[in-house]
Every structure is written in structure tokens, then in C-alpha cells.
Amino acid sequence: MHLPTYLIGEALRKGRRVPILQHYPFTAEPIRLIYPSKRHLSPRIRAFIDLLVERWQHQLPWE
């Protein structure tokens, strides 16, 4: 089972959990947004999407 660090980060830091299988590749799934057609996309939603892309482009906020 692969768990995100925002759920088990503290346990890892305190040694209550240890990472295993670190040498095996893990393909992360992308985060997806579902919204109505671009034709009717409000400026607020477009700005929110742009903000998420900008902030999460290099690293997820909970890592």
C-alpha cells in the first residue's frame, strides 16, 4: 500500500513507520480537475485552475 506523506509523515519522522520498497519505481497519478465546458467557464474558475497549476506544478503542497 502506498500512502501519501501528509497522512504518515509524522509517523515516518518519529520512526513509527519505515519506508520499504524504495528502490522500486512508483508511477504517481496526476491530479485531475473536472469542470464544465471551457465555453462556459467562469473567470473565477479559470483563475482557480491557473492558481492550482502554478502552485502544484513542481511539488504538491503536502509534500
Side-chain angles (χ1 to χ4, degrees):
M1 178 185 319
H2 185 269
L3 296 172
T5 54
Y6 68 88
L7 289 178
I8 62 166
E10 184 177 343
L12 287 170
R13 284 188 294 277
K14 291 184 176 182
R16 295 192 311 253
R17 301 286 183 270
V18 294
I20 59 172
L21 304 175
Q22 292 175 311
H23 302 292
Y24 291 90
F26 176 77
T27 304
E29 286 293 319
I31 296 174
R32 293 177 173 86
L33 293 172
I34 300 172
Y35 51 88
S37 161
K38 290 182 182 179
R39 198 168 41 138
H40 302 293
L41 196 60
S42 77
R44 285 182 175 182
I45 297 298
R46 179 76 259 166
F48 178 66
I49 292 169
D50 292 344
L51 175 70
L52 291 180
V53 169
E54 176 187 325
R55 296 276 175 95
W56 295 1
Q57 184 169 307
H58 301 291
Q59 183 175 359
L60 298 175
W62 52 83
E63 292 295 336

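Since the model is a prediction, treat every value here as computed from it, not as a measurement.
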- Would L33 end up clustered with L51 when hydrophobic side chains under 4.5 Å apart are linked, directly or stepwise? no
Listing, residues 15-26 side-chain donor-acceptor contacts under 3.5 Å, not counting sequence neighbours, or none:
none

- Query: In Å and rounded to the nearest 0.5 Å, what is the CZ to CD1 distance from R13 to I8?
  - Reply: 10.0 Å
